[in-house]
Participant: 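One structure, as structure tokens, below. Some questions next.
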Amino acid sequence: MTDIDRAPTGHPEVDAHLARLADADHLDADGHLAVYEDVHRGLKDVLASLDNRS
């Protein structure tokens, strides 16, 4: 799975985390989980920061 077009979300932090998914393209399948967990954690942090805005 390479060269998948991703439409920008308009939120630079989210876009950076989604772009990180491309790192899994260069790993064996057993390395994908670490990338997915990292992206998931990053997206959760972005969402949490939105909830914490006053």
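If you're wondering where the values come from, they're calculated on a predicted model, not measured in any experiment. When reading the values below, keep in mind they use all heavy atoms of this one structure, side chains included, and skip hydrogens, waters and symmetry mates.
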Participant: Can you list everything that forms a ring pair (Phe, Tyr, Trp, His ring centres under 6.0 Å) with His32? Sequence neighbours excluded, please.
Facilitator: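 Scan of His32 (ring pair (Phe, Tyr, Trp, His ring centres under 6.0 Å), adjacent residues dropped) gives Tyr36.
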Participant: Which atom names give the shortest non-hydrogen contact between Gly10 and Asp15, and what distance separates them?
Facilitator: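 Reported closest heavy-atom pair: N-OD2, 3.6 Å.
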Participant: Can you list, pair by pair, the side-chain donor-acceptor contacts under 3.5 Å of residues 40-49, counting residues two or more places apart and other chains?
Facilitator:
unit_1: Ser49; atom_1: OG; unit_2: Val46; atom_2: O; d: 2.7

Participant: Between Leu50 and His11, which heavy-atom pair has the shortest distance, and what is it?
Facilitator: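 Smallest interatomic distance, heavy atoms only, reads CD2-NE2, 4.5 Å.
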Participant: Checking Asp23 now: which residues fulfil salt bridge (Lys or Arg N to Asp or Glu O under 4.0 Å) with it, not counting sequence neighbours?
Facilitator: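 Salt bridge (Lys or Arg N to Asp or Glu O under 4.0 Å) check on Asp23 returns Arg20.
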